Protein chains: 2
Amino acid sequence: MTDRRRSVAAAADGFMRAFTVDDLIAAARAHSPGIGVATVYRAVASMEDAGALERVGSRDGSALYVRCSVEEHHHHLVCTACGAVAHTPCPLGAPASDAAHEGFVVTSHQVTLYGLCAACATTGPEGG
Amino acid sequence: MTDRRRSVAAAADGFMRAFTVDDLIAAARAHSPGIGVATVYRAVASMEDAGALERVGSRDGSALYVRCSVEEHHHHLVCTACGAVAHTPCPLGAPASDAAHEGFVVTSHQVTLYGLCAACATTGPEGG
DNA sequence: TCCAAAATGAGAATCATTATCACAAGTAGA
DNA sequence: TCTACTTGTGATAATGATTCTCATTTTGGA
């Protein structure tokens, strides 16, 4: 792993919520001022490949990512108010991964739960 | 509903699998030869708004859609071999929509199951 | 040190999507 | 009929995220 990739990983670690590649570029430049756009995109691709990043939708045409430090199969809770992301155990379990649905053999799945994080749910919509 | 929008809806009805907007433009032109790109995008937006189309991920940077004629809450089974899409009842049920996960109040969710449709599962990877 | 392979940065290129604009069709009121 | 207004349309420019290219630098092994 190179110095640049370490910077990108560190920058990703710093986010408490979902981020775009653009956010990540800005954060990575705090660690490595001259780092280029293409380098961050390449780092994101390889981290996504390794399971260290996961895409959780998009915002205004940009892909949204979250950092995944956990190894086991899990999914994400995305707060629609503040963008905070939490991990949750897979709510589907074996049925989704193994079962056949009218002849359709499911091999993988993608689940994202949207709602309000504890803080936003407590303060209400006007609580910011 | 205008003639153009009817053409787009009819074109969408003709797909047995997920399609891109580009696919849809080509199909819509079979019905309305001169239909413009922007018109199809506008029709897609309004159909998605009305629940008649649903986005099920992307392929090569283009959004993928499926036609949704069913009204009730459901999700999609996407065949990774041939792209066929089937509807399936929500595998999560009430827990996902109502329950709190460590203070996180879930209000909506997105589930997509990937695998092989009956035809591709039967013929095997080399059969498709 | 020397070498091959991989990584990097700058910026151009690509391409899906959106915005703009002039025009046509439809509606309502007088 | 005439006018004002709204909405849909097609062509095309603009936007912007992402990828590609290429010369250079870095890395890891011997």
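Lettering follows sequence order; numbering is per chain, from 1. Worth knowing before you read on, the calculation uses all heavy atoms, side chains too, and leaves out hydrogens, waters and symmetry mates. Treat the numbers as computed from the prediction; the structure is a model and nothing was measured.
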Task: Whole-Å gap separating P (D:dT9) and CG (B:Asp3) - done: 9 Å
Task: Atom-pair distance (CD1 on B:Ile25; P on D:dT9), nearest Å - done: 14 Å
- [ ] Working to the nearest 0.5 Å, report the span between CG of A:Leu77 and NE2 of A:His87.
- [x] 9.5 Å
Task: Whole angstrom value for the distance that separates P of D:dA17 from OH of A:Tyr65 - done: 13 Å
TODO: Would you indicate which nucleotide in D:dT12, D:dT18, D:dC20 comes nearest to any side-chain atom of A:Ala38?
DONE: D:dC20
Task: Proximal nucleotide (of D:dG10, C:dT17, D:dT18) relative to the A:Val21 side chain - done: D:dT18
TODO: Name the nucleic acid region contacted by B:Arg5, choosing base, sugar-phosphate or nothing; use a 4.0 angstrom heavy-atom cut-off, strictly under.
DONE: sugar-phosphate
Task: 5' precedence on DNA chain C between B:Arg42 and B:Asp60 (nearest-nucleotide basis) - done: B:Asp60
Open item on the list: If I take atom CG in residue B:Leu64 and atom C1' in nucleotide C:dT17, what distance separates them, rounded to the nearest angstrom?
Closed with: 15 Å
TODO: May I ask you to say whether B:Arg17 pairs ionically with B:Asp23, meaning some side-chain N is under 4.0 Å from a carboxylate O?
DONE: no
Open item on the list: Between A:Arg4 and C:dG9, is there a contact of a side-chain N or O with OP1 or OP2 at under 4.0 Å?
Closed with: yes
TODO: For a side-chain hydrogen bond (donor to acceptor under 3.5 Å, both in side chains) with B:His75, tell me which candidate from B:His109, B:Gln110, B:Glu54 qualifies.
DONE: B:His109
Task: Side-chain N,O (A:Thr39) to OP1/OP2 (C:dG9) below 4.0 Å - done: yes
Task: Interatomic distance, A:His73 atom NE2 to A:Ser108 atom OG [nearest 0.5 angstrom] - done: 9.0 Å
Task: Spatial distance of atom CZ (A:Arg4) from atom CD1 (A:Ile35) [nearest 0.5 Å] - done: 5.5 Å
Open item on the list: So if I take every side-chain heavy atom of A:Thr2 and compare against C:dG9, D:dT9, C:dA7, which nucleotide ends up nearest?
Closed with: C:dA7
Task: Selected nucleotide, minimal atom distance to B:Tyr41 side chain, candidates D:dC20, C:dT18, C:dT8 - done: C:dT18
Task: Nearest-angstrom distance from the residue atom CD1 of A:Ile35 to C1' of C:dA7 - done: 11 Å
Open item on the list: Distance check needed: C:dT17 P versus B:Asp23 CG, whole Å only.
Closed with: 11 Å
- [ ] Figure out the CZ/P separation between B:Arg59 and C:dT17, and round it to whole Å.
- [x] 12 Å
